[in-house]
Amino acid sequence: MSESCSISRRNFVAVSTALFAGATGSAAGTTNRFAELEARLARRDLKDIYKDDLPTPCMVVDQDIFESNLKKMADHCAKTGIHLRAHVKVHKSTEIARRQLALGAIGLTCATIAECELMSQAGLKSILLTRQPTSRNNIARTVALAKRDTTFGTVVDDPLAATWLQEAARSENVRLRTVVDVYAGLTRHGIEAGAPALDLARQVDTSKNLKLFGIMGYAGMAAHTHGFEERSQKSRSDLSGMLETVAAARSAGLPVEIITGGSTGTYNVDSEQKGLTELQAGSFVFMDTLYRQIGSKNNVGTFDDFGSALTVLSVVISKRHPGQCTIDAGNKALLKPTDEVKGRPDVKVVNQGAEYGLLVWKDGDRDLKLGERVEIYPSNLDMSTNVYDRYYVTRGDRVVDVWPIMGRSGAAQR
Ligand SMILES: Cc1ncc(COP(=O)(O)O)c(C=O)c1O
């Protein structure tokens, strides 16, 4: 980090001069710097913009690592025959979703109807809503989206919700793709495997305005199980009831086109076990520190199949005590003690305030200095990406692209 920091400091003078050349007078130049940066980003004029020019805290994507993660998953799917229906709740970005589809993903999975609408408005197809809609608002929007896009579908785990969806779809004269969500070890959703799930599949199949499309089993407890063997066993046992239900449904003549589930943690477990036809993995695009701890097939200590591509960029704002400093990313930036500091495994994130983060290190380790740039790997992508409005995509210290993070909060986004 010290080297990148000194490079960035040297760059700062040259870059600031280049970026803000043309500002009239030094005082005007100073006050107009941020406005000029925003204007340049808006017209995608990214020449000579560097990390040091960015307002902090902000989210930074390492383009090379990100692209390699996407390619690695695409290659894995092509080689093993499992499909990717990429979960977008992690990134909430049409730019990223579009790249995933271009690399062979067969569709997208979303946690909210707002995410589905955003992806669909961008022209992206084959979206599956993985959270059953039950409010009048969400049911109406689900049916409206199905009317605009026949490749869109939703999950259900309750006969009552299936009845509500059938009714809403009938009144709009829509046929809604419907996937039966079967319990797979995570108690937050999923109908009990066996007779209850089979009955629900039959109900969907005989509902005139619903089209039984497949079965989902999301083994969410397996995803973060530490150790490859333990994770494989957990996934196998958590998916077994759902897979028996699939077999029974097929024997009963019910159409089960897709068997969907899986996660980043189980991506190579699921492709080996041959139960699912598709993976809903999401986190692999960036990775977070909690996922890195679960260990991979070939590395017990670290799940390093995919690289850490996302950091929160912050700056040291106070350095008054030995062995510690304060940065400008705190609770509002969702800083956590399980976060890690890029290039400084010895530095710990210990506690924080709303706009302040505290970093500590042992006496004798290299100090972090006032004004120094610090990049933090977040612990949970879904939560952290939700509090920023854009990704600054970077190559080395240079900003090469800016992508909006959409559908995060506000009434229109729920
Ligand atoms: C329904 C569903 N599918 C798939 C995933 C997998 O995501 P990840 O690859 O980020 O673990 C999630 C994450 O929570 C999920 O809720």
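Order of listing sets the numbers, starting from 1, for every ligand and every atom in it.
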Checklist line | Stepwise salt bridge (Lys or Arg N to Asp or Glu O under 4.0 Å) check, E372 with R344 | finding: CA-CA 13 Å; E372 184 166 346; R344 289 295 299 268; 5.6 Å; no
Next item on the list: Output the list of atoms in ligand 1 that are nearer than 4.0 Å to some heavy atom of V90, sorted by atom number.
Entry: 10 (O)
Next item on the list: Under 4.0 Å from a heavy atom of T130: give me the atoms of ligand 1 that qualify, with their elements.
Entry: 1 (C)
Check: Hey, does S120 have a side-chain heavy atom less than 4.5 Å from the side chain of I127?
Finding: yes
Check: Is a salt bridge present between K71 and D75, judged by a nitrogen-to-oxygen distance below 4.0 Å?
Finding: yes
Please state whether [X] comes within less than 4.0 angstrom of ligand 1, counting heavy atoms only.
| X | answer |
| --- | --- |
| G261 | no |
| R131 | no |
| R188 | yes |
| F284 | no |

At what distance is the nearest protein heavy atom to [atom], and which residue and atom is it?
| atom | value |
| --- | --- |
| atom 5 (C) of ligand 1 | Y218 CE1, 3.4 Å |
| atom 14 (O) of ligand 1 | K89 NZ, 2.7 Å |
| atom 10 (O) of ligand 1 | S283 OG, 2.5 Å |
| atom 11 (O) of ligand 1 | Y291 OH, 2.6 Å |
| atom 7 (O) of ligand 1 | G282 N, 3.8 Å |

May I ask you to check whether [X] has an N/O atom sitting below 3.5 Å from an N/O atom of ligand 1?
| X | result |
| --- | --- |
| M216 | no |
| Q280 | yes |
| T264 | yes |
| S263 | no |

Next item on the list: For the residue pair T338 and S379, confirm or rule out a side-chain donor-acceptor distance under 3.5 Å.
Entry: yes
Next item on the list: State whether a side-chain donor-acceptor pair under 3.5 Å links S263 with T266.
Entry: yes
Checklist line | Stepwise salt bridge (Lys or Arg N to Asp or Glu O under 4.0 Å) test for E115 and K89 | finding: CA-CA 7 Å; E115 287 173 359; K89 70 178 187 145; over 6 Å; no
Next item on the list: Evaluate ring-ring contact (aromatic ring centres under 6.0 Å, His included) for W403 paired with Y388, printing each intermediate quantity in order.
Entry: CA-CA 11 Å; W403 300 334; Y388 293 90; over 10 Å; no
Next item on the list: Applying side chain to side chain donor-acceptor pair (under 3.5 Å) between H189 and each of D181, D157, D158, T130, report the one that passes.
Entry: D181
Check: Of F286, Y267, Y291, which is the lone residue that meets ring pair (Phe, Tyr, Trp, His ring centres under 6.0 Å) with F306?
Finding: Y267
Next item on the list: Kindly confirm or rule out a cation-pi arrangement of R231 over F303, judged by NZ or CZ under 6.0 Å from the six-membered ring centre and within 45° of its axis?
Entry: yes
